[in-house]
**Student:** 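My questions all concern the structure below.
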Amino acid sequence: MGQRILTAGTSPIEAAAIALIIAAKFGLPLLILRFPFAAGWANFVLDSVDGDLLVPLGLSEAVYQPVDKLADWATYVAIVVVAYRNRWPTKRLMLGLFLFRSVGQVAFLVTGNELILAFFPNFLEPVFLVTASILAYERVIRRLPDWQAQGFAVLHRYRWLIGAVIVVYKLVDEYITHIGNIDRSELIQRLLGG
């Protein structure tokens, strides 16, 4: 018999909450196409807490992992579309990072070995979030008419610093998530003295 999608005892209200969260996980990537900054960050926050919501609500861990990876992949596709549609100078880098992470995700989905994801870190999303944030700053805060050119000039000027921060952040994040299997909520509580 197949695996259960929901754990035993999941109420209809919990099942509805699970369905809404999963819909948001697939809906936010579509919004990234129109609102890269806001939807990108909203997606990042949801992806950071979704496991802490879905599994306790009653989604089985065996179902959560592939759903999460497929939603992540939808996000990565949206990021690459934004980069190409807007003719970002970083579009080929983003496509390469997308393909790199996709190899890891497919290998994980085939083998179920979570360690594979640590060997294919998701550098794409932080590169996108930094890019979208700098562009939003130049456009909304500084109100520059050539906001995109200015934003990419900033990215180019600080590329080594930005790249180093992203690499260190993602390697630590991949260790916490896929090697140490450390619960982020508990880690944050311990760091804050709770």
Side-chain angles (χ1 to χ4, degrees), residues 21-54 64-109 114-138 148 151-152 154-156 158-182 184-185 187-188:
I21 293 167
I22 291 173
K25 285 184 66 61
F26 285 94
L28 281 171
L30 293 175
L31 290 175
I32 287 172
L33 298 171
R34 180 75 175 104
F35 309 102
F37 173 77
W41 280 105
N43 185 73
F44 175 78
V45 170
L46 179 59
D47 194 43
S48 297
V49 300
D50 65 341
D52 291 337
L53 300 172
L54 290 169
Y64 166 73
Q65 286 298 333
V67 166
D68 182 56
K69 297 308 164 257
L70 291 171
D72 288 348
W73 195 79
T75 298
Y76 307 154
V77 169
I79 288 170
V80 171
V81 168
V82 167
Y84 272 83
R85 184 185 66 201
N86 295 327
R87 297 184 184 108
W88 287 0
T90 55
K91 65 187 179 214
R92 289 189 309 182
L93 169 65
M94 290 185 170
L95 178 60
L97 294 174
F98 164 75
L99 295 171
F100 176 73
R101 181 61 171 189
S102 292
V103 168
Q105 286 189 301
V106 168
F108 166 73
L109 290 171
E114 193 175 354
L115 187 59
I116 291 172
L117 294 170
F119 293 119
F120 293 89
N122 171 18
F123 295 117
L124 175 61
E125 192 171 21
V127 167
F128 172 75
L129 290 173
V130 167
T131 302
S133 296
I134 290 172
L135 293 176
Y137 175 79
E138 298 294 339
Q148 188 159 307
F152 282 106
V154 170
L155 282 167
H156 182 73
Y158 297 105
R159 67 188 177 278
W160 295 110
L161 175 62
I162 293 168
V165 169
I166 288 172
V167 167
V168 169
Y169 158 72
K170 277 315 295 181
L171 292 179
V172 169
D173 181 61
E174 295 294 336
Y175 174 81
I176 288 170
T177 307
H178 302 299
I179 297 173
N181 287 312
I182 299 168
R184 280 190 177 84
S185 301
L187 176 64
I188 292 169

**Student:** With sequence neighbours excluded, what pairs up with E125 under the salt bridge (Lys or Arg N to Asp or Glu O under 4.0 Å) test?
**Tutor:** none
**Student:** Provide the closest heavy-atom pair for W41 versus S133 in the form atom of the first, atom of the second, distance.
**Tutor:** NE1-OG, 2.9 Å
**Student:** Using the test salt bridge (Lys or Arg N to Asp or Glu O under 4.0 Å), find all partners of K69 that sit at least two apart in sequence or belong to another chain.
**Tutor:** none
**Student:** Sequence neighbours left out, what pairs pass side-chain hydrogen bond (donor to acceptor under 3.5 Å, both in side chains) with at least one residue falling in residues 73-85?
**Tutor:** N43-T75, W73-S102, Y76-N122
**Student:** What's the spacing between N86 CG and L33 CG if we round to 0.5 Å?
**Tutor:** 10.0 Å
**Student:** Can you list every pair that meets side-chain hydrogen bond (donor to acceptor under 3.5 Å, both in side chains) and has a residue in residues 22-39, with sequence neighbours left out?
**Tutor:** K25-D47, K25-D50, K25-D68
**Student:** With E138, which residues qualify under side chain to side chain donor-acceptor pair (under 3.5 Å), at least two apart?
**Tutor:** R142
**Student:** Atom CG of L93 and atom CZ of F98: how far apart are they, to the nearest 0.5 Å?
**Tutor:** 14.0 Å
**Student:** Taking only residues two or more places apart in sequence, or in another chain, which ones meet R87 in a side chain to side chain contact (heavy atoms under 4.5 Å, CB included)?
**Tutor:** none
**Student:** Ignoring hydrogens, what is the shortest heavy-atom contact between A71 and P29? Give both atom names and the distance.
**Tutor:** O-CG, 4.2 Å
**Student:** Could you give the distance from CD1 (I32) to CZ (F37), rounded to the nearest 0.5 Å?
**Tutor:** 12.5 Å
**Student:** Nearest 0.5 Å please: distance from the CD1 atom of I179 over to the CG atom of L115.
**Tutor:** 5.5 Å
**Student:** Just how far is it from atom CG of L28 to atom CG of L46, taken to the nearest 0.5 Å?
**Tutor:** 6.0 Å
**Student:** Once side chain to side chain donor-acceptor pair (under 3.5 Å) is applied, do any residues pair with E114, and if so which ones, sequence neighbours excluded?
**Tutor:** H178
**Student:** Does CZ belonging to F26 count more than 12 external heavy atoms closer than 6.0 Å?
**Tutor:** yes
**Student:** Please report the C-alpha distance between F128 and L97 in whole Å, then the side-chain angles of each, then the deciding distance to 0.1 Å, and finally whether the side chain to side chain contact (heavy atoms under 4.5 Å, CB included) criterion is met.
**Tutor:** CA-CA 10 Å; F128 172 75; L97 294 174; over 6 Å; no
**Student:** Could I get the full list of side chain to side chain contact (heavy atoms under 4.5 Å, CB included) partners for V165, not counting sequence neighbours?
**Tutor:** L161
**Student:** Set out, in order, the CA-CA distance, both residues' side-chain angles and the distance that settles side chain to side chain contact (heavy atoms under 4.5 Å, CB included) for L171 and V167, then state yes or no.
**Tutor:** CA-CA 6 Å; L171 292 179; V167 167; 3.8 Å; yes
**Student:** Out of the candidates V127, L129, I134, only one should pair with T131 under the side-chain contact (heavy atoms from CB on, under 4.5 Å) rule; please name it.
**Tutor:** V127
**Student:** Taking ring pair (Phe, Tyr, Trp, His ring centres under 6.0 Å) as the definition, give me every residue that meets it alongside F152, ordered by chain and number, with sequence neighbours left out.
**Tutor:** W88
**Student:** Quick one: pull up CZ in F108 and CG in L117 and give me the separation to the nearest 0.5 Å.
**Tutor:** 5.5 Å
**Student:** Under the salt bridge (Lys or Arg N to Asp or Glu O under 4.0 Å) definition, can you give me all pairs with a residue in residues 89-101, not counting sequence neighbours?
**Tutor:** R101-E174
**Student:** Can you list everything that forms a ring pair (Phe, Tyr, Trp, His ring centres under 6.0 Å) with F100? Sequence neighbours excluded, please.
**Tutor:** F120
**Student:** Tell me whether Y137 at atom OH has more than 12 heavy atoms from other residues, nucleotides or ligands lying less than 6.0 Å away.
**Tutor:** no
**Student:** With sequence neighbours excluded, what pairs up with D72 under the salt bridge (Lys or Arg N to Asp or Glu O under 4.0 Å) test?
**Tutor:** none
